Amino acid sequence: MLHLSTGCRYFYYNCIADMRKGAYSLSGLVRNEMNQNVLSGDVFIFIGRRGNKIKLLQWDRDGFALYEKGLERGSFERPVINEEGHYNITSQQLQYILQGVVLKSIRHRKRFSITATTV
């Protein structure tokens, strides 16, 4: 079962994904194009050409779990990319994408965080 948590890493596949692909074909994209370990337990996010379908792939200890959501109306927002061709996002950003929240409109208030300079 997929549980969005801060303890897990989430990687967005920056290219257009063929939504006809299953878990094994998508795992090939993770290995060959994203250069990531598909068996790590991380969640890999794929969005289709029209942006109205999203698939989440995760290795779940004994097999692949593939979650799919298709929208009847509207589209999923694609996160901003980096130079490597794929993007690491947070569980909160993924939650916003699934709920239809525009990522650019989100503003966070200042909060304390432990960094290397404060320790």
Side-chain angles (χ1 to χ4, degrees):
M1 175 180 218
L2 181 70
H3 176 71
L4 302 180
S5 71
T6 57
C8 192
R9 296 186 312 169
Y10 301 87
F11 292 98
Y12 166 67
Y13 177 66
N14 185 36
C15 299
I16 302 297
D18 184 350
M19 290 291 107
R20 296 173 295 179
K21 291 186 177 198
Y24 295 101
S25 297
L26 292 174
S27 70
L29 291 177
V30 171
R31 282 189 193 109
N32 301 327
E33 294 189 26
M34 297 176 73
N35 298 320
Q36 297 289 326
N37 180 8
V38 73
L39 303 177
S40 64
D42 297 332
V43 176
F44 299 95
I45 304 150
F46 304 90
I47 298 178
R49 180 176 308 280
R50 292 185 297 193
N52 64 344
K53 286 190 179 178
I54 190 169
K55 286 189 177 185
L56 308 175
L57 177 68
Q58 182 181 35
W59 178 258
D60 189 21
R61 290 180 289 201
D62 57 357
F64 285 112
L66 184 62
Y67 303 91
E68 178 179 351
K69 182 173 182 179
L71 298 176
E72 295 298 319
R73 196 196 261 138
S75 62
F76 294 104
E77 181 176 356
R78 297 177 191 276
V80 179
I81 61 166
N82 62 10
E83 304 83 33
E84 297 174 4
H86 60 273
Y87 192 70
N88 190 357
I89 66 173
T90 66
S91 60
Q92 192 172 33
Q93 288 172 315
L94 178 56
Q95 185 102 24
Y96 290 148
I97 290 169
L98 293 172
Q99 292 175 352
V101 176
V102 177
L103 296 176
K104 293 178 184 175
S105 67
I106 298 170
R107 291 189 354 217
H108 294 279
R109 293 189 176 269
K110 190 183 282 186
R111 295 286 189 255
F112 174 79
S113 66
I114 296 177
T115 60
T117 59
T118 60
V119 175

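Owing to the predicted nature of the structure, the values given are computational and were not obtained by experimental measurement.
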Contact list for residues 4-14, test salt bridge (charged side-chain N to carboxylate O under 4.0 Å, His left out), sequence neighbours left out:
R9-D42
What distance do I54 atom CD1 and E68 atom CD have between them, rounded to the nearest 0.5 Å?
10.5 Å
For the OH atom of Y13 and the CZ atom of R78, what is their distance to the nearest 0.5 Å?
11.5 Å
Of all the heavy-atom pairs spanning S27 and L57, show the shortest one and how long it is.
N-CD2, 3.7 Å
Which heavy atom in C8 sits nearest to a heavy atom in G41, and how many Å separate them?
SG-O, 3.5 Å
Could you please spell out the steps behind the side-chain contact (heavy atoms from CB on, under 4.5 Å) verdict for Y10 and L56?
CA-CA 9 Å; Y10 301 87; L56 308 175; over 6 Å; no
Would you please name every residue forming a side-chain contact (heavy atoms from CB on, under 4.5 Å) with R50, sequence neighbours left out?
N52
Plane angle bin for F44 and F11 - parallel if under 30°, tilted between 30 and 60°, otherwise perpendicular
parallel
As an exercise, state the distance from NZ of K69 to CD1 of I47, rounded to the nearest 0.5 Å.
12.0 Å
Under 3.5 Å, which donor-acceptor pairs link side chains of residues 92-101 to any protein atom two or more places apart or in another chain?
unit_1 : atom_1 : unit_2 : atom_2 : d
Q92    : NE2    : Y96    : OH     : 3.2
Q93    : OE1    : T90    : N      : 2.9
Q93    : OE1    : T90    : OG1    : 3.4

Scan the side chains in residues 18-25 for donor-acceptor partners under 3.5 Å anywhere in the protein, sequence neighbours excluded, and list what turns up.
unit_1 : atom_1 : unit_2 : atom_2 : d
D18    : OD1    : R20    : N      : 3.0
D18    : OD1    : R20    : NE     : 3.0
D18    : OD2    : R20    : NE     : 3.3
D18    : OD2    : R20    : NH2    : 2.9

List the atom of G48, the atom of I16, and the distance in Å for their closest heavy-atom pair.
C-CG2, 4.2 Å
Taking the side chain as every heavy atom from C-beta outward, state whether V38 and F64 have any pair of such atoms under 4.5 Å apart.
yes
Look up atom CD in Q58 and atom CD1 in I45, then write down how far apart they are to the nearest 0.5 Å.
10.5 Å
